[in-house]
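Scroll down for the structure; my scribbles are underneath it.
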Amino acid sequence: LDEASGHSAADSGYEGTDGVVTNSGGEASPVHTWVTPANSRAGNALDVSSGWGYVDAGNLPIAGSFTANIWVDPNNVGADWRPFISKWNSSGGTRLFWLGQDDTAGVIRFGISTTGANELALDSAGVAIGNHCLQMVTAVWDETTKYQKLYVNGVLNASIERAAVSLWPVRTGAVRI
């Protein structure tokens with residue numbers, strides 16, 4: 001998210017899938033602000049705190065093991081169920097994973113699905129993030145070892161073995177950041 005204006009976010013990775021800034025209704029969103037270096041701690045950023053905006057990164061294929069990593073600077077860790085990054089349709093059937101704020105202030109949840117409708121949740125060990133504090137949050141699913149892990153600022157915070165399960169092999173649905 002290196003942009004400073006507009007409704008698109010260029011993919012600087014290897015997938016080449018640019019994102020579109022939208023709101024929860026799916027249309028182009030006026031409910032966001034690009035934060036520039038003058039008032040940001042780490043370069044340009046997208047502030048969606050004034051609404052339910054997100055970046056639709058398109059249908060990125062995720063199968064087997066994966067890592068989701070994102071820098072966050074929350075304004076209100078007390079707000080329930082705020083996703084940071086997800087491939088999770090709340091209507092079910094296309095759920096794969098989501099990473100975000102739990103309903104307990106400062107707690108992070110990393111949920112994965114093995115059926116497309118269920119959630120195997122891993123919550124951080126207590127309060128893991130705070131208001132107005134830039135933090136790196138990383139979620140890891142290892143399909144080989146069957147471990148679900150959650151890191152905060154590069155340090156393992158929580159993990160659990162999910163023996164005899166496999167990630168739901170969903171191939172459709174947008175990744176939302």
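As a basis for the values below, the full set of heavy atoms in this structure was taken, side chains included, without hydrogen atoms, waters or symmetry mates.
Atom CD1 in Ile108 sits 7.0 Å away from atom CD in Gln135 (nearest 0.5 Å). Here CG of Asn69 is found 12.0 Å from CZ of Phe66. Values are rounded to the nearest 0.5 Å. Atom-to-atom distance recorded for Ser124:OG and Leu150:CG is 6.0 Å, nearest 0.5 angstrom. The CZ atom of Phe84 sits 13.0 Å away from atom CZ of Arg109, with the distance rounded to the nearest 0.5 Å. Interatomic distance, Ile85 CD1 to Phe110 CZ, rounded to the nearest 0.5 Å: 10.5 Å. Between Asp142 atom CG and Glu161 atom CD the span is 10.5 Å, to the nearest 0.5 Å.
In summary, of the residues considered (Val107, Asp102, Ile129), a side chain to side chain contact (heavy atoms under 4.5 Å, CB included) with Val77 occurs for Ile129 alone.
Between the side chains of Lys149 and Thr138, not a single donor N or O lies within less than 3.5 Å of an accepting N or O. Counted by atom type alone, Ser159 and Gln148 present zero donor-acceptor pairs between their side chains at under 3.5 Å.
Contact detail for Trp141 and Gly64: the closest heavy-atom pair is CD1-O, 3.5 Å.
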Which is it for Tyr147 and Val140 under the side-chain contact (heavy atoms from CB on, under 4.5 Å) test, yes or no, and what are the steps along the way?
-> CA-CA 8 Å; Tyr147 268 91; Val140 176; over 6 Å; no

Verify side-chain contact (heavy atoms from CB on, under 4.5 Å) between Val137 and Tyr151, making sure each step is shown before the conclusion.
-> CA-CA 6 Å; Val137 179; Tyr151 294 82; over 6 Å; no

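In this structure, the side chains of Lys146 and Ser166 come closer than 4.5 Å at one or more pairs of heavy atoms. With a 4.5 Å cut-off on side-chain heavy atoms, Leu122 and Leu120 do not count as touching.
When atom types are taken as modelled, the side chain of Ser113 and the backbone of Asn118 share a donor-acceptor pair closer than 3.5 angstrom.
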